[in-house]
Amino acid sequence: AIDIQDLRAKTGYITLDPGYGNTGSCESAITFIDGEKGILRYRGIPIEQFEQAPNFVEVAWLLIFGHLPCPDEYKTFSDDLTATANLDESMKHHFEGFPRSAPPMAILSAMINALSCFHPEFFELEDKDDFREAAAGLISKVRTIAAYAYRQSIGLPYIYPNPALRYVPNFLHMMFSQPYAEHVCDPLVRDALNLILLLHADHEQNCSTSTVRMVGSSQANLFASCAAGVCALWGPLHGGANVAVLEMLEQIHQGQISPEDYVRLAKDRDSKVRLMGFGHRVYRNFDPRAKMLARVADNLLPTLGVHDPLLDIARKLEEIALEDPYFIDRQLYPNVDFYSGIILRAIGIPTNMFTVMFAIGRLPGWIAHWWEQSETQGTKIARPRQIYMGPNETDHVPRGERC
Ligand code: ACO
């Protein structure tokens with residue numbers, strides 16, 4: 001039994017909040033969420049207002065610098081992105097050293113860390129211009145790394161970035177120019193991908209962003225902090241859920257289980273199965289991003305001439321879950337991952353790249369938080385406490401006297 005007086009004597013009074021559901025770790029001016037009402041705003045702007053003319057680069061600037069870019073700022077930032085798109089030639093050897101089967105998230109995290117070795121100029125950020133260049137360099141190079149990781153995984157040669165192309169078309173170019181060149185300039189695909197990326201761009205203190213802030217609080221550089229964010233994002237309860245959703249839909253499509261039985265299984269605690277792409281720590285209502293992505297899926301797939309049975313299965317699962325008291329009582333609704341994979345699949349992005357796409361999208365948010373923290377938090381390192389539950393003081397036993 002725990003002697004609470006003894007515990008307090010050892011640790012003092014500590015708030016215990018597993019999963020930090022009620023703990024604020026910082027003040028932030030970047031993103032506002034009202035989970036009860038299903039509201040998400042970037043720097044005050046409702047997320048829905050980005051749907052008509054989606055531009056990921058503008059949103060990146062908005063999140064990082066606090067306002068929509070004026071034309072000069074947009075041009076400078078776009079020029080920075082173009083100028084920094086290439087990787088150092090010797091970085092290619094690192095790609096070639098990975099086995100073909102290497103998970104792209106592992107490559108992404110490793111290569112972001114490796115960037116630190118090639119760009120020491122991004123370590124000492126003297127002023128805001130230095131930071132802007134480092135931020136643009138990271139956003140641009142992560143896109144190139146992501147495309148190279150994919151090319152490496154299928155044994156195709158790298159494609160150099162094309163300075164004439166904008167952010168999203170350039171990514172599609174580096175991914176698919178051979179043999180999928182027609183995707184590169186399709187405005188519908190470009191807009192869908194811009195929207196997916198910008199809808200992932202920030203979501204306040206989620207697991208990966210908190211990780212970036214935690215690592216950054218030790219004054220680790222921007223690249224190291226964001227590489228840690230990639231690792232946090234990888235898990236299936238966070239960014240990895242978009243892959244898990246597709247696997248769930250495939251399983252149903254292949255007839256291994258019916259949608260009704262899957263939902264039944266997800267309600268059974270002992271099964272350890274969850275309805276992937278459902279539920280959210282903050283939203284107790286529809287995730288507004290899921291609503292927007294459902295609309296994109298409905299428009300994009302027929303226009304591209306894609307009939308994906310997985311979309312029908314997703315719709316069916318949603319219909320069943322939304323009428324089921326288990327999900328209603330627990331306020332579990334589709335989250336951003338529920339439809340994003342179906343759209344990425346229609347564009348031709350392979351499933352093992354889904355979480356990488358999330359990382360490309362989330363990067364401006366990580367950068368914005370890293371900068372906000374370094375500007376406002378001073379030298380306060382993040383260092384939570386714990387409640388110690390181990391044995392009381394005990395003696396070391398020499399190896400020969402142990403059982
Ligand atoms: N399917 C079935 N039951 C669920 C689900 C789900 N997807 N999500 C939550 N529940 C149930 C839990 O079993 C629990 O039930 P109980 O009260 O009977 O014990 C209750 O709802 C609360 O669940 P928690 O895990 O405590 O909720 P939490 O806020 O910690 O978790 C999370 C949120 C991780 C997103 C969870 O809903 C989940 O695992 N969803 C599936 C994975 C997923 O889609 N992740 C992506 C999240 S969004 C993002 O990262 C971009």
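Counting starts at 1 for both ligands and their atoms, following the listed order. Heavy atoms only: backbone and side chains are in, while hydrogens, waters and symmetry mates are out.
Heavy-atom contacts from other residues, nucleotides or ligands closer than 6.0 Å to CZ of Arg399 number 12 or fewer. Applying the 6.0 Å contact sphere to NZ of Lys291 captures no more than 12 heavy atoms from other residues, nucleotides or ligands. The neighbour count for Glu375 CD, taken as heavy atoms of other residues, nucleotides or ligands under 6.0 Å away, is above 12. In Gln52, the CD atom is not crowded: 12 or fewer heavy atoms of neighbouring residues, nucleotides or ligands sit closer than 6.0 Å. In the displayed structure, Asp17 atom CG is contacted under 6.0 Å by more than 12 heavy atoms of other residues, nucleotides or ligands. Counted within 6.0 Å of CG on Asp127, heavy atoms from surrounding residues, nucleotides or ligands total more than 12; the atom is thus considered enclosed.
Considering only non-hydrogen atoms, atom 7 (N) of ligand 1 lies nearest to Leu275 out of Leu275, Val263, Leu233, Val245. Compare Asn206, Leu237, Leu265 by their heavy atoms: the one nearest to atom 34 (C) of ligand 1 is in Leu237. Counting heavy atoms only, Arg274 comes closest to atom 13 (O) of ligand 1 of the residues Arg269, Arg274, Gln331. The residue among Asn335, Leu332, Asp287 with a heavy atom at the shortest distance from atom 9 (C) of ligand 1 is Leu332.
Ring-plane geometry between His94 and Phe118 is classed as perpendicular, the angle between the planes exceeding 60 degrees on a 0 to 90 degree scale with a lower cut at 30.
By the 3.5 Å distance cut-off applied to N or O atoms, Gly277 is counted among the residues near ligand 1. Remark: ligand 1 and Phe327 share no N or O pair separated by less than 3.5 Å (distance only, no angle test).
Remark: minimum distance from atom 50 (O) of ligand 1 to any protein heavy atom is reached at His238 ND1, 2.9 Å. In this structure, atom 48 (S) of ligand 1 lies nearest to the protein heavy atom His280 CD2, 3.6 Å. Ranking protein heavy atoms by distance to atom 41 (C) of ligand 1, first place goes to Phe278 O, 3.4 Å. Ranking protein heavy atoms by distance to atom 18 (O) of ligand 1, first place goes to Arg330 NH2, 3.0 Å. Protein heavy atom at the shortest distance from atom 2 (C) of ligand 1 is Ala266 O, 3.4 Å. Considering only non-hydrogen protein atoms, atom 33 (C) of ligand 1 sits nearest to Arg281 N, 3.8 Å. Atom 49 (C) of ligand 1 has its closest protein heavy atom at Asp337 OD2, 3.7 Å. In terms of protein heavy atoms, atom 35 (C) of ligand 1 is closest to Gly279 O, 3.6 Å.
Between Ala290 and Tyr339 the shortest heavy-atom distance is O-CD1, 4.0 Å. Across Asp337 and His238, no two heavy atoms sit closer than the pair OD2-O, 3.6 Å. The two residues Glu48 and Met292 have their closest heavy-atom pair at CA-CE, 3.9 Å.
At a 4.0 Å cut-off, at least one heavy atom of Tyr326 sits close enough to ligand 1 to count as contact. In this structure, Gly19 does not count as a contact residue of ligand 1, since none of its heavy atoms falls inside 4.0 Å of the ligand.
Residue contact check: Phe358 has heavy atoms under 4.0 Å from atoms 51 (C) of ligand 1. When each atom of ligand 1 is checked for a heavy atom of Met276 under 4.0 Å away, the hits are 42 (C). Every atom of ligand 1 with a heavy atom of Ala241 under 4.0 Å away is listed here by number and element: 43 (C), 44 (O), 45 (N), 46 (C). The distance from ligand 1 to the heavy atoms of Val336 drops below 4.0 Å at these ligand atoms: 51 (C).
Within the 4.0 Å cut-off (strictly below), no protein heavy atom is located near atom 22 (C) of ligand 1.
A distance of 6.0 Å or more separates the ring centres of Tyr74 and Trp61. Between Phe278 and Tyr333, the distance separating the two ring centers is not shorter than 6.0 angstrom.
Of the N and O atoms on the side chains of His173 and Tyr160, not one donor lies less than 3.5 Å from an acceptor on the other residue.
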